[in-house]
Amino acid sequence: MLDSAVTRGVINLARKPRILLVDDMPENLKLLGSLFDSTELEISFAKNGIRAQKLAEMSEFELAVLDINLPDIDGFSLAQRIREQQPDCELIFCSAHTEREKREQGFLLGAIDFIEKPYDIEITRSRIKLHIDRILLRHRIAQERDRNAAILSNIRDAVVTVNANEIVVDWNGGAEVLFGISEVEIAGKPLSLLIPESARHRHLENMLEENSADERGVVRVINEMCAWKGESF
């Protein structure tokens, strides 16, 4: 599997995305919590910075929604500490103090939004929904990519995946056996390295254009490709 979300440790696909909500006012936490769909997300609550830090030490979060004015630590400092542990955690700041300096400081820390208090429920709901939809979509894409990679790794036939520029992005065990090249050696390199200079076509698109539907991507490609050192197979 090539640099998947699982191997990078960015997303644990066995769980739902986690959201951390931090505010010292219980009514604000309750209100914020009502804006998230708990059927698709795991939501954690903290009334102060110390509790939020402990939660961040125990769990990985995709998003932290932080009040700036907390009783023990300001939200900006808390954000920095969370980011030290979890660089990929996204940030949203909330505050009644919406001076330009505060907003700029938040965005300089990498925030994706800055929500004003008191909350306008419908506007806040709409803004949060945009961010959550994006997080859920990214999570589903990562799930699908890693599911496909798991299937690919178990296929005995050689399967090579390239991007639009014909750069190899996936290379299963069957391809390693057929070509005698490991995934590490070929990943990120052009497909044309596997095709001899004497081949009629050196680009995948041209090869596929001359195939009938039942041959597409198989017969002519296999006939025109070669092993790493130019040896036919």
Side-chain angles (χ1 to χ4, degrees), residues 3-142:
D3 193 28
S4 72
V6 170
T7 57
R8 291 195 309 272
V10 176
I11 300 174
N12 178 351
L13 300 181
R15 63 165 175 80
K16 295 184 286 187
R18 291 193 179 113
I19 310 299
L20 174 62
L21 306 181
V22 186
D23 197 301
D24 61 326
M25 302 296 290
E27 60 270 26
N28 286 338
L29 280 180
K30 182 177 180 180
L31 186 152
L32 282 173
S34 70
L35 302 180
F36 293 86
D37 185 352
S38 59
T39 63
E40 293 188 293
L41 306 165
E42 291 184 18
I43 305 173
S44 297
F45 300 88
K47 296 181 181 179
N48 55 60
I50 293 176
R51 175 60 178 166
Q53 288 180 74
K54 289 182 178 178
L55 289 172
E57 290 171 0
M58 295 185 294
S59 303
E60 292 185 0
F61 293 98
E62 276 67 51
L63 172 67
V65 182
L66 310 175
D67 181 26
I68 291 177
N69 299 304
L70 297 171
D72 53 351
I73 181 175
D74 69 90
F76 295 138
S77 298
L78 175 59
Q80 290 176 315
R81 296 181 187 182
I82 291 175
R83 275 288 182 82
E84 288 173 1
Q85 298 172 313
Q86 304 182 31
D88 296 297
C89 179
E90 296 189 335
L91 304 171
I92 293 178
F93 290 111
C94 304
S95 179
H97 301 284
T98 59
E99 299 90 345
R100 179 176 178 177
E101 293 76 11
K102 293 286 186 181
R103 298 176 66 87
E104 288 181 350
Q105 186 177 354
F107 287 117
L108 285 173
L109 288 172
I112 58 173
D113 207 342
F114 192 108
I115 300 177
E116 301 84 3
K117 291 182 177 181
Y119 298 116
D120 181 310
I121 300 302
E122 292 309 314
I123 292 177
T124 303
R125 188 193 308 277
S126 177
R127 286 163 68 171
I128 284 179
K129 184 178 185 303
L130 287 174
H131 299 306
I132 294 303
D133 285 349
R134 179 175 50 79
I135 287 172
L136 290 172
L137 176 60
R138 186 177 63 196
H139 194 82
R140 294 186 186 112
I141 290 172

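Throughout, residue positions are numbered sequentially from 1 according to the sequence presented. Any value given below was found using the heavy atoms of this structure, including those in side chains, with hydrogens, waters and symmetry copies removed.
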Student: Test side-chain contact (heavy atoms from CB on, under 4.5 Å) on Leu20 and Ile82; report intermediate values, then the result.
Tutor: CA-CA 11 Å; Leu20 174 62; Ile82 291 175; 4.0 Å; yes
Student: Distance check, rounded to the nearest 0.5 Å: Asp37 atom CG versus Lys16 atom NZ?
Tutor: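 Here the rounded value is 8.5 Å.
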Student: Regarding Arg103 and Glu99, does a basic nitrogen lie under 4.0 Å from an acidic carboxylate oxygen?
Tutor: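 Not counted as a salt bridge, because no side-chain N and carboxylate O are separated by less than 4.0 Å.
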Student: So, do Ile73 and Ile50 sit near enough that their side-chain heavy atoms are less than 4.5 Å apart?
Tutor: no
Student: Out of Val65, Leu63, Ile115, which one pairs with Ile128 under the side-chain contact (heavy atoms from CB on, under 4.5 Å) rule?
Tutor: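 Of Val65, Leu63, Ile115, side-chain contact (heavy atoms from CB on, under 4.5 Å) with Ile128 is met by Ile115 alone.
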Student: Using a 4.5 Å cut-off on heavy atoms from C-beta on, say whether the side chain of Val22 contacts that of Leu78.
Tutor: yes
Student: Output the distance between atom CD (Gln80) and atom CD (Gln85), rounded to the nearest 0.5 Å.
Tutor: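 Reported value, rounded in 0.5 Å steps: 13.0 Å.
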Student: Is there a side-chain contact between Glu42 and Pro17 in this structure, where contact means two heavy atoms from C-beta onward sitting under 4.5 Å apart?
Tutor: no
Student: Any heavy-atom pair between the side chains of Arg127 and Ile92 that's under 4.5 Å?
Tutor: no
Student: Could Glu40 and Arg140 be called an ion pair, given the rule that one side-chain N must be under 4.0 Å from one carboxylate O?
Tutor: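 Yes, charged N to carboxylate O under 4.0 Å.
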Student: How far apart are the C-alpha atoms of Ile19 and Leu21, what are their side-chain angles, what is the distance that settles it, and do they pass the side-chain contact (heavy atoms from CB on, under 4.5 Å) test?
Tutor: CA-CA 7 Å; Ile19 310 299; Leu21 306 181; 3.9 Å; yes
Student: Taking Gln86's backbone N and O only, do any of them form a donor-acceptor pair with Glu60's side chain (distance below 3.5 Å, no angle check)?
Tutor: no
Student: Donor-acceptor check, side chain of Lys117 to backbone of His97, threshold 3.5 angstrom: yes or no?
Tutor: no
Student: Please check if atom CG in Leu130 has more than 12 non-hydrogen atoms from other residues, nucleotides or ligands closer than 6.0 Å.
Tutor: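 Counting other residues, nucleotides and ligands, CG of Leu130 exceeds 12 neighbours.
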Student: Which pair of heavy atoms, one from Gly33 and one from Ile43, lies closest together, and at what distance?
Tutor: O-CD1, 4.3 Å
Student: Please confirm whether the backbone N or O of Ile121 pairs with a side-chain atom of Thr124, one donor and one acceptor, at under 3.5 Å?
Tutor: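 Side chain of Thr124 to backbone of Ile121, a donor-acceptor pair under 3.5 Å: no, none is there.
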Student: Kindly write out the residues that satisfy side chain to side chain contact (heavy atoms under 4.5 Å, CB included) with Ser59, not counting sequence neighbours, or none if the list is empty.
Tutor: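 Side chain to side chain contact (heavy atoms under 4.5 Å, CB included) list for Ser59, sorted by chain: Arg18, Phe61.
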Student: What I want to find out is whether Arg134 reaches Glu90 closely enough, with some N-O distance under 4.0 Å, to be called a salt bridge.
Tutor: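 Yes, charged N to carboxylate O under 4.0 Å.
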Student: Which class fits the ring pair Phe114 and Phe93: parallel under 30°, tilted 30 to 60°, perpendicular over 60°?
Tutor: tilted
Student: Counting distance only, does the side-chain N/O of Asp74 pair as donor-acceptor with the main-chain N or O of Ser77 below 3.5 Å?
Tutor: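 Confirmed, Asp74 side chain pairs with Ser77 backbone.
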Student: List the atom of Gly49, the atom of Asp72, and the distance in Å for their closest heavy-atom pair.
Tutor: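 Gly49 and Asp72 have their closest heavy atoms at N-OD1, 2.9 Å.
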Student: Heavy atoms, side chains only, cut-off 4.5 Å: are Tyr119 and Leu32 in contact?
Tutor: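 Contact flag for Tyr119/Leu32 side chains = yes.
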Student: Using 0.5 Å steps for rounding, measure from the CG atom of Leu66 to the CZ atom of Phe76.
Tutor: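 Those atoms lie 9.5 Å apart.
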Student: Roughly how far, to the nearest 0.5 Å, is the OG atom of Ser95 from the CD atom of Gln105?
Tutor: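 Taking CD in Gln105 and OG in Ser95, the distance rounds to 10.5 Å.
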Student: Would you confirm whether Asn48, through its side chain, and Leu70, through its main-chain N or O, come within 3.5 Å as a donor-acceptor pair?
Tutor: no
Student: With a 4.5 Å heavy-atom cut-off, do Cys94 and Asp23 have their side chains touching?
Tutor: no
Student: What is the distance from atom CG of Asp133 to atom CZ of Arg138, rounded to the nearest 0.5 Å?
Tutor: 12.5 Å
Student: Compare all side-chain heavy atoms of Asp113 with those of His131 and state whether any distance is below 4.5 angstrom.
Tutor: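 Side-chain contact under 4.5 Å: yes.
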Student: Distance from Ile132 atom CD1 to Leu136 atom CG, nearest 0.5 Å?
Tutor: 6.5 Å
Student: On a heavy-atom basis, which atom in Ala64 and which in Cys89 lie closest, and how many Å separate them?
Tutor: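 Closest approach of Ala64 to Cys89, heavy atoms only: N-SG, 3.7 Å.
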